[in-house]
2 protein chains.
Amino acid sequence: MAPRGSYSKGIAKRTEILDAALELVARVGFRRTTVRELADAVGLSQSGLLHHFGTKEQLFTEILRYRDEVDRRTFAGPAGGTGSGELPAAIVNLVRHNAEVPGLVQLYSRYSSEAADPGHPAHDFFRQRYEQARGDLTETITRLRTAGRLPADLDGDRLAVLVFAMIDGLQMQWMYDSSIDMADHIAFFWEMILGAGPEPHSRS
Amino acid sequence: MAPRGSYSKGIAKRTEILDAALELVARVGFRRTTVRELADAVGLSQSGLLHHFGTKEQLFTEILRYRDEVDRRTFAGPAGGTGSGELPAAIVNLVRHNAEVPGLVQLYSRYSSEAADPGHPAHDFFRQRYEQARGDLTETITRLRTAGRLPADLDGDRLAVLVFAMIDGLQMQWMYDSSIDMADHIAFFWEMILGAGPEPHSRS
DNA sequence: GTCTATACTCGGATAGAC
DNA sequence: GTCTATCCGAGTATAGAC
């Protein structure tokens, strides 16, 4: 169970690569995100990098998976939500953060639309990701409904679909017009639905 | 003004190509939509096809522009709306139609995320397209508000952004799970906002 | 206008030395 | 584990004949 020897070293290197990849992509965008460029950025040759991940598709899938993991730690934990773990506010915070890392938004957008093809190696990753995200949100909506903060007859499944659709779609428009404030629009949506919205700011 | 001679023939050929392209893409998806495949489908060689459009990017941009044109004729005209030209219902009908042409949805999704890079030849096309669409919808929202069907203090600009975000985002989730009924979710959204929704069915 | 043929570029994969 | 070197395929663009 406890990683040791060359095994733990492999894991460490992998994480180091993924960290560097996140930083690079966030800065330079998807355009320059080829295996070669990524290899250069982490100080490896192309084949040296691919040694750790196999194929380009696997590498990029891991980058996105790792990003989710980091984001989850940051925004779903005690520092991210409103303290009571309210998902709506956590989502607004996450979206606000995304506006700071345009390259990652681009990568996510491009890769998710490419992987929409059922034959794509990352297809299952995204399918499961959406399923999980919707499931989690539906659960939270049920909680809010029970607490009387949402209409009793509201369809939680449908609402969950809409929320994630909005996040993806806002990113698209934002990439074409960065003056669009994504977090602001999400908050606006919650206001329309909830009446009085949750407080989106958890710090400052 | 009246096209004649080789000029009108060129236009006719162009339209013929675009019609065939729409049909092909709708059927086989983006995966097989390379310049060569497209050329085969319309009975031309690759260079014969590119003769009419210049580059691959210009060709695909024209395909999407032509698609918009066809859709506008179909869904913004007297047969598409509710008769009173209500945009919300027209949108629901358009989205319902999109579910019938998965290949075109895939093409649109992939191409719009690729062109999000400011250096992409189709970047301006999509930027203007979003701007125009939002402008049109904002106008309609103002009309609805004046007619008392929307709250007087509703922010039309923000709502317009959200509606198109939802359309794009729903397509994404639908590509990963075709059991998601896009039109149904759009109608659900209007219901939450409008209270009683407009009738989405204009025929049948 | 359209064809055939070819050249060129890019990017991912692989072999084998160290 | 990492490198260098090579290969290979996909896909676009172009040259030149008809």
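Keep in mind it's a predicted model, so treat the numbers as computed, not measured. Worth knowing before you read on, the calculation uses all heavy atoms, side chains too, and leaves out hydrogens, waters and symmetry mates.
Per the geometry, CG belonging to D40(A) stands 12 Å off P belonging to dG11(C), to the nearest Å. In this structure, F53(A) places its CZ atom 16 Å from C1' of dG12(C), rounding to the nearest Å. Atom C1' of nucleotide dC10(C) and atom CD of E37(A) are separated by 12 Å, given to the nearest angstrom. Rounded to whole Å, the distance from CG on L49(A) to C1' on dT14(C) is 15 Å. Atom CD of E57(A) and atom C1' of dG11(C) are 12 Å apart (whole Å). One interatomic measurement links the two molecules: NZ of K13(B) to C1' of dC3(C), which rounds to 13 Å at whole-angstrom precision. One can place CG of L38(B) at 14 Å from P of dA13(D), the figure rounded to the nearest angstrom. Distance CD (E16(A)) to P (dG1(D)): 13 Å, rounded to an integer number of Å.
The base of dT12(D) does not come close enough to the side chain of T55(B) for any donor and acceptor atom to sit less than 3.5 Å apart. Remark: the T34(B) side chain and the dT12(D) base include no donor-acceptor N/O pair separated by less than 3.5 Å. For dG11(D), the base has no donor-acceptor partner in the side chain of Q46(B) [N/O atoms by modelled type, under 3.5 angstrom].
Across the interface with DNA chain D, nearest-nucleotide mapping of R36(A) and H51(A) shows H51(A) to be the residue nearer the 5′ end. Comparing S45(B) and F60(A) by the nucleotide of DNA chain C whose heavy atom lies nearest to each, the residue mapping closer to the 5' end is S45(B).
Annotation: side-chain hydrogen bond (donor to acceptor under 3.5 Å, both in side chains) contacts of D124(B) (sequence neighbours excluded): R127(B). Residues that satisfy the side-chain hydrogen bond (donor to acceptor under 3.5 Å, both in side chains) test with R134(B), not counting sequence neighbours, are Q173(A). Contacts of E23(A) classified as side-chain hydrogen bond (donor to acceptor under 3.5 Å, both in side chains), with partners at least two apart in sequence or in another chain: R27(A). N98(A) pairs by the side-chain hydrogen bond (donor to acceptor under 3.5 Å, both in side chains) definition with R67(A), not counting sequence neighbours.
Within residues 106-118 of chain B, no residue places a heavy atom under 4.0 Å from DNA chain C.
Between H52(B) and the phosphate of dT2(C), there is a side-chain N or O to OP1/OP2 separation shorter than 4.0 Å.
Relative to the side chain of L50(B), the nucleotides dT2(D), dA13(D), dT14(C) differ in distance, and dA13(D) lies closest.
For residues 32-43 of chain A, the set of pairs meeting the side chain to side chain donor-acceptor pair (under 3.5 Å) definition, not counting sequence neighbours, is empty.
Shortest non-hydrogen contact noted between T138(A) and G156(A) is OG1-O, 3.8 Å.
Ring geometry for F75(A) versus H97(A): interplanar angle of 30 to 60°, hence tilted.
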